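Here is the structure we will look at.
Keep in mind that the numbers below use all heavy atoms, side chains included, and drop hydrogens, waters and symmetry copies. Computed from a predicted structure; not experimentally measured.
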Amino acid sequence: KLQFLYLIACTRCPAAWALYAEPFKMRPTALLALGAALCAAGGDDAEDEWDDEAVGTRGVGVLAACDCSGHGTCRPFGCVCHADAERGYWAGAKCSECVSGYYGPTCDQECPGGACLPCGERGTCDDGVSGTGVCACDGAFLGVACDACPQHMAGPSCDVRCHGMRNGAACGGIGTCDDGIYGTGVCTCPADDAAGFWAPDRGCTECDEGHYGEDCRAVCPQCAGHGVCDSGVEGSGECVCDVGWAGTDCSVTCPGSGSLRGVCSGFGTCGDDGRCTCAHPGMLQPNCAECEPGMMGPTCGDECPRGVAGEVCSGNGVCTRDRGCECHIEYFHEPGGAQACQQQCPPCANGRCSPTTGECVCFASVGAGYWGGALCDECATGYSGRPTAYAPGCHLPCPGGAAPCSGHGACLEGMCFCEDGYCGEACTQRHAPPGVDCQSCSAGQWSRVDDPLPCTRECRCSGHGRCTARADIAPDVPNPCVCHPGRG
């Protein structure tokens with residue numbers, strides 16, 4: 001209670017005195033007097049300990065002295081320990097221990113790394129009155145304050161090895177490693193004519209882009225944008241050209257580059273001079289695409305067919321690498337023979353001779369007409385038309401298609417001329433008598449337009465009228481008679 005009264009009195013807060021007077025069964029003025037006496041007894045400088053003198057207010061006994069080991073100030077509620085550089089940083093109930101992070105007989109020495117972060121929180125400090133202040137580092141950490149990594153290591157956990165380790169040295173022995181707990185392990189490499197141009201991302205063990213040689217001093221050529229330099233410590237500095245390019249600087253285009261078959265037609269190699277060296281002796285420059293005269297086949301190792309007189313393709317065609325003899329338009333191969341264009345084609349008027357059969361293959365198109373016959377000199381079935389300055393002939397389709405004029409007429413200039421007894425565009429309708437238009441019937445006959453056959457009904461006009469002999473009577477007309485006057 002006395003300690004509590006001390007706190008209240010020292011606040012010098014009348015409201016607090018009045019508030020807490022009731023629990024102590026005291027008037028506020030009496031509580032004020034007692035609190036003032038207690039506050040004075042505690043002292044202002046906190047150097048003097050409380051004595052044995054009783055405070056002479058009702059209900060108050062003798063205050064016992066406290067022990068702060070000479071490193072603090074005694075107060076009613078206990079010791080207030082010293083905490084400054086001059087007197088040390090003390091702790092404990094009797095101020096007999098050092099604050100964590102301090103050491104030595106006077107607790108005025110900070111642990112390495114500072115009292116707030118002793119040993120950088122990467123180890124344990126030997127602190128306290130009898131401590132030495134030495135850090136016992138965790139893991140791989142080194143240094144007085146555990147703020148260093150082993151040689152050639154980096155990173156917050158010292159687990160990143162410096163790049164470019166060679167013979168126990170980092171960065172190839174020629175660069176500088178960003179090591180330590182705040183480092184990345186990345187190398188800073190030389191980049192000048194004297195020390196060479198080295199690649200940081202390779203740990204200073206390889207040349208930087210565009211350089212080559214043991215010392216990485218030599219500069220690569222540009223390779224004309226069509227190749228890459230053989231760079232690096234073991235590089236030659238020569239251009240390795242892209243496919244289709246040649247020359248020391250890749251500026252020469254190889255024959256066949258960009259074609260379907262490719263460089264040198266896929267049968268050779270392109271040299272630095274841009275010339276093809278063909279894979280087989282029978283192939284010709286410049287791109288190995290053609291064979292020597294008289295030779296054929298994929299490797300130009302086969303002889304071309306020859307005629308009876310020994311001429312290539314009998315002198316009537318051209319020998320190609322892939323297909324052998326290709327005959328001139330008026331020649332074909334002898335069936336079962338040497339495929340040497342030995343036979344002459346028949347005169348195909350409107351077509352071409354087949355080089356394999358010798359038969360005429362007739363034209364069949366709008367532009368060339370539709371022709372037939374062994375010599376392609378007549379219209380194909382279903383077509384007609386005479387040649388004109390604007391048309392090739394046989395260019396007009398006949399009505400009836402594959403069965404022109406339904407077999408009952410002749411097609412001329414695309415129109416049907418029907419036989420007697422037939423009529424219509426394609427001669428598909430029958431009629432009687434012959435020579436009358438398709439809608440007329442013989443006397444006394446008629447039919448409706450929807451009858452299956454025309455002119456199959458008989459007229460019955462009772463002798464008092466005239467029959468309308470037609471085949472196109474409307475379905476709703478009951479009688480085709482035209483009655484005499486006065487009859488109906």
Euclidean distance, [Y] [atom2] relative to [X] [atom1], rounded to 0.5 Å:
{"X": "Cys111", "Y": "Asp126", "atom1": "SG", "atom2": "CG", "result": "8.0 Å"}
{"X": "Phe417", "Y": "Leu412", "atom1": "CZ", "atom2": "CG", "result": "5.5 Å"}
{"X": "His163", "Y": "Thr205", "atom1": "NE2", "atom2": "OG1", "result": "11.0 Å"}
{"X": "Asp273", "Y": "Cys254", "atom1": "CG", "atom2": "SG", "result": "9.0 Å"}
{"X": "Asp178", "Y": "Cys162", "atom1": "CG", "atom2": "SG", "result": "8.0 Å"}
{"X": "Ser314", "Y": "His328", "atom1": "OG", "atom2": "NE2", "result": "10.5 Å"}

Give the minimum heavy-atom separation between [X] and [Y], together with the two atoms involved.
{"X": "Ala169", "Y": "Gly173", "result": "CB-CA, 4.0 Å"}
{"X": "Val263", "Y": "Gly244", "result": "CG2-CA, 3.4 Å"}
{"X": "His211", "Y": "Ser231", "result": "O-CB, 3.3 Å"}
{"X": "Cys158", "Y": "Ala140", "result": "CB-CB, 4.2 Å"}
{"X": "His152", "Y": "Ala170", "result": "ND1-CB, 3.6 Å"}
{"X": "Ser354", "Y": "Phe332", "result": "O-CB, 3.2 Å"}

Determine whether the interatomic SG-SG distance for [Y] and [X] falls below 2.5 angstrom.
{"X": "Cys341", "Y": "Cys327", "value": "yes"}
{"X": "Cys241", "Y": "Cys223", "value": "no"}
{"X": "Cys125", "Y": "Cys135", "value": "no"}
{"X": "Cys325", "Y": "Cys313", "value": "yes"}
{"X": "Cys276", "Y": "Cys264", "value": "yes"}
{"X": "Cys146", "Y": "Cys137", "value": "yes"}
{"X": "Cys189", "Y": "Cys171", "value": "no"}

Do the non-hydrogen side-chain atoms of [X] and [Y] ever get within less than 4.5 Å of each other?
{"X": "Val308", "Y": "Gln342", "value": "no"}
{"X": "Pro200", "Y": "Thr188", "value": "no"}
{"X": "Val233", "Y": "Trp198", "value": "yes"}
{"X": "Cys187", "Y": "Thr176", "value": "no"}
{"X": "Met153", "Y": "Val160", "value": "no"}
{"X": "Trp446", "Y": "Ile473", "value": "yes"}
{"X": "Asp230", "Y": "Tyr212", "value": "no"}
{"X": "Asp201", "Y": "Glu206", "value": "no"}

Exercise for the section: May I have the step-by-step check of side-chain contact (heavy atoms from CB on, under 4.5 Å) for Glu425 and Met415, ending in yes or no? Expected result: CA-CA 8 Å; Glu425 180 183 15; Met415 295 184 297; over 6 Å; no
Side chain of [X], backbone of [Y]: donor and acceptor closer than 3.5 Å?
{"X": "Thr277", "Y": "Gly268", "value": "no"}
{"X": "Ser265", "Y": "Asn287", "value": "yes"}
{"X": "Thr468", "Y": "Pro480", "value": "yes"}
{"X": "Ser157", "Y": "Asp159", "value": "no"}
{"X": "Asn350", "Y": "Asp377", "value": "no"}
{"X": "Arg321", "Y": "Met296", "value": "no"}

Within a 6.0 Å radius of atom [atom1] on [X], are there more than 12 heavy atoms belonging to other residues, nucleotides or ligands?
{"X": "Glu326", "atom1": "CD", "answer": "yes"}
{"X": "Arg448", "atom1": "CZ", "answer": "yes"}
{"X": "Arg161", "atom1": "CZ", "answer": "no"}
{"X": "Glu378", "atom1": "CD", "answer": "yes"}
{"X": "Glu330", "atom1": "CD", "answer": "yes"}

Handout entry: Evaluation steps, disulfide (SG to SG under 2.5 Å), between Cys216 and Cys207
Key = CA-CA 5 Å; Cys216 294; Cys207 298; 1.9 Å; yes
Exercise for the section: Take Cys360 and Cys348, measure what disulfide (SG to SG under 2.5 Å) needs, and give me the verdict at the end. Expected result: CA-CA 6 Å; Cys360 290; Cys348 302; 1.9 Å; yes
Practice task
Using the disulfide (SG to SG under 2.5 Å) rule, take Cys405 and Cys416 through it: C-alpha gap first, then chi angles, then the decisive distance, then the call.
Solution key: CA-CA 6 Å; Cys405 304; Cys416 286; 2.0 Å; yes
Practice task
Identify whether the distance between the nearest side-chain nitrogen and carboxylate oxygen of Arg386 and Glu413 falls below 4.0 Å.
Solution key: yes
Handout entry: Asp322 and Thr320: side chain donor to acceptor below 3.5 Å
Key = no
Problem - Check against side-chain contact (heavy atoms from CB on, under 4.5 Å), Ser406 and Thr428 - result: CA-CA 6 Å; Ser406 305; Thr428 57; 3.0 Å; yes
Practice task
Describe, in one word, how the ring planes of His484 and His464 are oriented to each other, choosing from parallel (under 30°), tilted (30 to 60°) and perpendicular (over 60°).
Solution key: perpendicular
Exercise for the section: Let me see the working for Cys239 and Cys250 under disulfide (SG to SG under 2.5 Å), right down to the final yes or no. Expected result: CA-CA 7 Å; Cys239 286; Cys250 302; 4.5 Å; no
Practice task
May I ask you to establish whether Arg352 and Tyr331 are in a cation-pi arrangement, using a distance under 6.0 Å from NZ or CZ to the six-membered ring centre and at most 45° from the ring axis?
Solution key: no
Practice task
Output, in order, the C-alpha distance, side-chain angles, deciding distance and verdict of side-chain contact (heavy atoms from CB on, under 4.5 Å) for Glu303 and Met295.
Solution key: CA-CA 4 Å; Glu303 289 192 6; Met295 304 300 292; 4.0 Å; yes
Exercise for the section: Using the side-chain contact (heavy atoms from CB on, under 4.5 Å) rule, take Arg275 and Gln285 through it: C-alpha gap first, then chi angles, then the decisive distance, then the call. Expected result: CA-CA 8 Å; Arg275 292 174 59 84; Gln285 297 282 0; 4.3 Å; yes
